[in-house]
Number of protein chains: 2
Amino acid sequence: MLKLTKKADYGLMALKYLAEHPETPALSAKDVADAYGIPAQLLAKILQRLTKTGLLRSHAGMNGGYELARDARQISAYEVIHAIDGPFFITSCTKGAKGCDLTPSCTIKEPLARVNDTIAGVLKSISIQDLAEHVQPSGRPREAQGLVALTL
Amino acid sequence: MLKLTKKADYGLMALKYLAEHPETPALSAKDVADAYGIPAQLLAKILQRLTKTGLLRSHAGMNGGYELARDARQISAYEVIHAIDGPFFITSCTKGAKGCDLTPSCTIKEPLARVNDTIAGVLKSISIQDLAEHVQPSGRPREAQGLVALTL
DNA sequence: TGAATCTCGGACAGAAACGGTCGTATACTT
DNA sequence: AAGTATACGACCGTTTCTGTCCGAGATTCA
Ligand code: SF4
Ligand code: SF4
């Protein structure tokens, strides 16, 4: 529950990897998969989907591969997750989906929808760049880099 | 992914229901289950687990049932979720668990751990009471009731 | 031209998590 | 004693997740 899919996880890793190698023209799925221990074929399909949603640009053929379509600073974790795992809900009922059987009688779906938005906001405020800058966490609680409004 | 379990969902509904009926000495699992359309047997087990973790007090026998162990204001959504679905991770690796195969080579687990904490913080800041006060959302974006620090 | 490399896309299978049911034992009230 | 309600574990069908396989198209290079 409330757990990130491994695909999304892999997707974030790959994007971060690409962000860290801006010089290279393109990196193949296999390159990235080998860099970590990710199953190559699986990563391939993930990158394909990221391409289809416009987060990556692909290039077939020899020395082909993928590159970021935008600056790493302009790609949010939310977009990645959304691209890979589809629309983001905390519950089974949220807007867009058909909802669970007891959507009418349920009295907490509305407050939960706000929680959903809040969490989505957190994810949206995180960019690939943020992941790439692995500031050595020297234990010191740094300045908060952002504040997320929690309306409920 | 990142979706609340239905069990947790039911648990929150039940807790909220109990919070809304502070006068009654105890409400049986069946009462709550009927109030919404929740499968009674399933809700029963959920409430049992909440009892075992100390969020509820149970009372067997006729006219028995459950009651909140603490004030609704003192019970966070996080506790409920944690009690029902176990420890809260966003990823498969987080502290406590054995982690996934590529925990060593993974470079994003540390930033993700912070995201994890952030979201957990959001959940912790929400009490059952907050759910019960279903302030008619008149569209007007009320004052933010809290801010969550987003450190990465 | 043709071989090598790489993306694309769907099908598919094994594994795990989820949602829900059942049966039985136990505790409390009247 | 009878009735009501919690307690607990086993079980099972469904869905979701993870990962693999395979065939088809694109591009580069010799
Ligand atoms: S309707 Fe209520 S119960 Fe059904 S999914 Fe939405 S929140 Fe959970
Ligand atoms: S280690 Fe990296 S890949 Fe494995 S679960 Fe944690 S974050 Fe995801």
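The shown structure was predicted, so the numbers you read here are calculated from the model rather than taken from an experiment. All chains are named by letter (A, B, ...) in the order of the sequence lines, taking the proteins before the strands, and each is independently numbered beginning at 1.
Picking from D:dC17, C:dG9, D:dT27 the nucleotide with the shortest atom distance to the side chain of B:Met1 gives D:dC17. Residue B:Thr5 has its side chain nearest to C:dC18 when only C:dC6, D:dT4, C:dC18 are considered. Looking at the side chain of B:Lys6, the nearest of the listed nucleotides D:dT6, D:dG3, C:dG20 is C:dG20.
Side-chain rings of A:Tyr36 and A:Tyr17 approach one another, their centers coming within less than 6.0 Å.
At least one side-chain heavy atom of A:Ile119 sits under 4.5 Å from a side-chain heavy atom of A:Leu123. No side-chain heavy atom of A:Lys3 sits less than 4.5 Å from a side-chain heavy atom of B:Thr91.
Counting to the nearest Å, the C1' atom of C:dC6 and the CG atom of A:Leu56 are 15 Å from each other. If you measure from atom CZ of B:Phe89 to atom C1' of C:dA17, you get 14 Å, rounded to the nearest angstrom. In this structure, OH of A:Tyr66 is placed 13 Å from C1' of C:dT5, rounded to the nearest angstrom. Atoms CZ (A:Arg57) and C1' (D:dT27) sit 18 Å apart, rounded to a whole Å. Atom CD of A:Gln41 and atom P of C:dC6 are 14 Å apart (whole Å). For the pair A:Leu47 CG and C:dT7 P, the computed distance is 8 Å after rounding to whole Å. Between B:Ile46 atom CD1 and D:dA7 atom C1' the separation is 15 Å, expressed in whole Å. When rounded to the nearest whole Å, the span between NZ of B:Lys3 and C1' of C:dG19 equals 12 Å.
Listed for the A:Ser127 side chain is a donor-acceptor partner under 3.5 Å among the backbone atoms of A:Gln129.
Taking 3.5 Å as the limit, the base of D:dT20 and the side chain of A:Lys45 contain a donor-acceptor pair of atoms between them.
Looking at heavy-atom distances under 4.0 Å, A:Lys7 makes contact with a base. Contact annotation for A:Ala29: backbone-only contact, meaning every heavy-atom pair under 4.0 Å involves sugar-phosphate atoms and none involves a base.
Regarding contacts with the backbone of C:dC8, a side-chain N or O of A:Ser58 is found under 4.0 angstrom from either OP1 or OP2. For A:Tyr10 and D:dT18, the shortest distance from a side-chain N or O to OP1 or OP2 is not below 4.0 Å. When the side-chain nitrogen and oxygen atoms of B:His59 are compared with OP1 and OP2 of C:dT29, one or more of them lie within a distance under 4.0 Å.
Mapped onto DNA chain C by nearest heavy atom, A:Gly61 and B:Leu42 fall at different nucleotides, with A:Gly61 at the one closer to the 5' end. Residue whose closest nucleotide on DNA chain D sits further toward the 5' end, between B:Lys30 and B:Asp101: B:Lys30. Judged by closest nucleotide on DNA chain C, A:Thr51 is the one of A:Thr51 and B:Asn63 placed further toward the 5' end.
There is a side-chain donor-acceptor pair under 3.5 Å between A:Thr107 and B:Lys16.
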